[in-house]
Amino acid sequence: MSGPRVRFAPSPTGYFHVGSARTALFNWFVARQSPDGVFLLRIEDTDADRNREEWVDGIVAAMHWLGFDPDEGPFRQTDNTDAHRAAVEDLFRGGYLYPCACTSDEVAQRKGDNKTPGYDGYCRDRDVPRGPTTGLRFRTPREGATIVHDKIRGDVVTENAVIEDFVVARSSGAALFALANVVDDRNDRITHVIRGEEHLPNTPKQILLWEALSTTTGVTVPIPEYAHLPILVNEQRKKLSKRRDPVAVESYRDAGYLPAAILNYLSLLGWSPRGDEEKVPLSVCIEQFRLEDVSHSPAFFDLKKMAHMNGEYIRELSPEDFLAAAAPWVTPWTSKWQPTEGAPPWTQETFDFAVWEAVAPLVQERVALMGEIVPMIEFFFVSEAPFDEAAFDKTIRNDDKARELLSRSLDVFGDCEWTSSSLHAAVVALGETLELNLRKAQAPVRCAVTGKTVGPPLFESLELLGRERTLQRVREALAKAGG
RNA sequence: GGUCCCAUCGUCUAGUGGCCUAGGACAUCACCCUCUCAAGGUGGAGGCACGGGUUCGAAUCCCGUUGGGACUGCCA
């Protein structure tokens, strides 16, 4: 008894779509549930317009980054064109196909606004000779019904009479998706077809093709189990589209999402682990996943929730792992991979690893995305405080007490012990002289030194920044405010 | 238009006829913690689309209505 053979069959598009990632993930779950399960990657590149070798590399790379390398593949559908053409001939000889010379314009025109579904069967009985301008259509049975035994949705019955005579082969002789896909699934001995719901309407056609192929070739391959996953939608409840929605997995990598967080979040779209805990390791998903439990309705891809989960994953990293994970953003010169945008405003020369290492634990519990680290620690590694002008105006320029406090801080900071606790006490005392509580008193100092109103804990930051640079920044802020 | 799919808090979901006073998570609000911001903790508000059945009993089963979506290509 051999295990399940599943396939992930994306068409190359130049980036890796999150919806595809979710589909791949669920396929992968099924494969990993059996010791001898096979997860196969097949690139459906039969459309010449979408066939670029680097796009294939992109898919493979993205999948590798996410953590699921295929057990077999990547295969390319175009490598099987001979088999596809042979299948076309088999079907034609078997009488399942007929030539059609209609252009799509003609079909649409005849259709007008009547209720005929799709193609009207115009050439079905016209004995149109095969030629360079004739495609081949499938002679759909007029009687009976085709049933998709969907693992998720149950039996989906389609009357054959409403299935149009769909095109199977181009005038060039090349097989179209519906056939090529079936031929490859047969050859690859696929046992479970797990794909997006958008494929549900053409599944009856593929079952018809599958049966016809078994008849004409004399090779009967069991029809696979089908499972159609609910699609992922945007806020408008429309299918996620690359035009409007941020869907590229690569862009999430750039932003600083961790693979484990992405996968965990994706696993929750249409499915959920048992119990009340949503943050679960992949091993638990593999153990518990069942196609029968996948929900039927579309799921909104909620970036906020994924970001929150990413924060949880970041926080549970060990200090070493956090440093390593942050390297592409913080110390890109040490990292093989860097995000495509957002290089830090510092260089290897102006950077101080000891400072970063010391402040990292404080940062780790404050970010949800790795990309948020840079603006948070920027002030350590650039020559002048990176001022947020609005914050400066509010907390320093337009606040007399704040400027007075900064003036007085020069003396205090000049000779107090340079530790976070002493600095803390110093600012408290300073505030008292001006009747400011610590909340109020720390604000101008923070802004003067870091340029911002928010950031890592101030006194630890001052300690790490050092006495001289702190004094320098307070002076600069005072000068800037004095105008 | 046609075919098909779908319908539990704003969102993702648990729920498979009594355990439901419908549970969890994100988001949101309040409070606690607190040097800012987060994180964390506690608590609150918030949902079974509607109408009929079936049943002693329905979020759960059936029918209809309404609403949403996918598909409708010599794309995949």
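First the proteins, then the strands, lettered A, B, ... as listed; each starts at 1. This is a predicted model, so every value here is computed, not measured.
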Solution key, residues 20-27 of chain A side-chain donor-acceptor pairs under 3.5 Å, sequence neighbours excluded:
| residue | atom | partner | partner atom | Å |
| --- | --- | --- | --- | --- |
| A:R22 | NE | A:L269 | O | 3.0 |
| A:R22 | NH1 | A:P230 | O | 3.2 |
| A:R22 | NH2 | A:P230 | O | 2.7 |
| A:R22 | NH2 | A:L269 | O | 3.4 |
| A:T23 | OG1 | A:G19 | O | 3.1 |
| A:N27 | ND2 | A:T23 | O | 2.9 |
| A:N27 | ND2 | A:I194 | O | 2.9 |

side-chain contact (heavy atoms from CB on, under 4.5 Å) against [X], all qualifying residues, sequence neighbours excluded:
X: A:V167; result: A:R137, A:L176
X: A:L317; result: A:L258, A:D321, A:F322, A:A325, A:Q364, A:M370
X: A:P74; result: A:L41, A:I43, A:V60
X: A:V412; result: A:A426, A:L430

Side chain to side chain donor-acceptor pair (under 3.5 Å) contacts touching residues 427-438 of chain A (sequence neighbours left out): A:R408-A:T433
Across the strands shown, which category fits [X] at heavy-atom distances under 4.0 angstrom: base, sugar-phosphate, nothing?
X: A:R137; value: sugar-phosphate
X: A:H199; value: base
X: A:S420; value: nothing
X: A:G270; value: sugar-phosphate
X: A:S295; value: sugar-phosphate
X: A:N202; value: base

Phosphate-side-chain proximity, A:R170 and B:C75, N/O vs OP1/OP2 below 4.0 Å: yes
Presence of A:T46 side-chain N/O under 4.0 Å of B:A76 phosphate oxygens OP1/OP2: yes
Expected output: side-chain A:R366 to main-chain A:L362 donor-acceptor under 3.5 Å: yes
Using whole Å, what does the distance between atom [atom2] of nucleotide [N] and atom [atom1] of [X] come to?
X: A:Y265; N: B:U11; atom1: OH; atom2: P; value: 12 Å
X: A:K304; N: B:U11; atom1: NZ; atom2: P; value: 13 Å
X: A:L268; N: B:A27; atom1: CG; atom2: C1'; value: 15 Å
X: A:N234; N: B:U11; atom1: CG; atom2: P; value: 13 Å
X: A:L200; N: B:U72; atom1: CG; atom2: P; value: 13 Å

Closest listed nucleotide, where the reference is the side chain of A:P201 and the choices are B:A76, B:G24, B:C71: B:C71
Proximity to the side chain of A:E278 - top-ranked nucleotide from B:C6, B:A25, B:A76: B:A25
Aromatic ring pairing A:W271/A:F29, orientation class (parallel under 30°, perpendicular over 60°, tilted between): tilted
Ion pair check, A:R290 and A:D293, cut-off under 4.0 Å: yes
Pairwise 5' ranking along RNA chain B for A:F177 and A:E277, keeping only the more 5' one: A:E277
Earlier contact from the 5' end, RNA chain B, for A:W271 and A:Q77: A:W271
If we take the [atom1] atom in both [N] and [M], what is their distance in whole Å?
N: B:A7; M: B:C48; atom1: C1'; result: 10 Å
N: B:G1; M: B:G46; atom1: P; result: 38 Å
N: B:G68; M: B:A49; atom1: C1'; result: 11 Å
N: B:A58; M: B:G40; atom1: P; result: 41 Å
N: B:C71; M: B:U28; atom1: C1'; result: 37 Å
N: B:G44; M: B:A25; atom1: P; result: 13 Å
N: B:U3; M: B:U13; atom1: P; result: 28 Å
N: B:A59; M: B:C9; atom1: P; result: 15 Å

Qualifying ring pair (Phe, Tyr, Trp, His ring centres under 6.0 Å) pairs with a residue from residues 434-465 of chain A, counting only residues at least two apart or across chains: A:H424-A:F459
Find every protein N or O atom lying less than 3.5 Å from an N or O atom of nucleotides 61-69 of chain B, and list the pairs.
| residue | atom | partner | partner atom | Å |
| --- | --- | --- | --- | --- |
| B:G69 | OP1 | A:K238 | NZ | 2.6 |

Side-chain donor/acceptor of A:S171 to base of B:C74, under 3.5 Å: yes
Strictly under 3.5 Å: I want the nitrogen or oxygen pairs between protein and nucleotides 43-50 of chain B, one per line.
none

Non-neighbouring partners of A:R7 that pass salt bridge (Lys or Arg N to Asp or Glu O under 4.0 Å), sequence neighbours left out: A:D185
Within-4.5 Å side-chain heavy-atom neighbours: A:K151 and A:H228: no
In terms of side-chain heavy atoms, does [X] have a donor or acceptor partner in [Y] at a distance below 3.5 Å?
X: A:N80; Y: A:D184; value: yes
X: A:T46; Y: A:R76; value: no
X: A:N160; Y: A:E143; value: no

A:F177 side, atom CZ; A:H84 side, atom NE2 - distance, nearest 0.5 Å: 11.0 Å
Protein-to-nucleotide contact annotation, 5' to 3' order, nucleotides 34-42 of chain B [B base; S sugar-phosphate only; - none; under 4.0 Å, heavy atom]: -BBBBSS--
For B:G1, the Watson-Crick or wobble counterpart (both distances under 3.5 Å): B:U72
Those residues of residues 284-292 of chain A lying under 4.0 Å from RNA chain B by at least one heavy atom: none
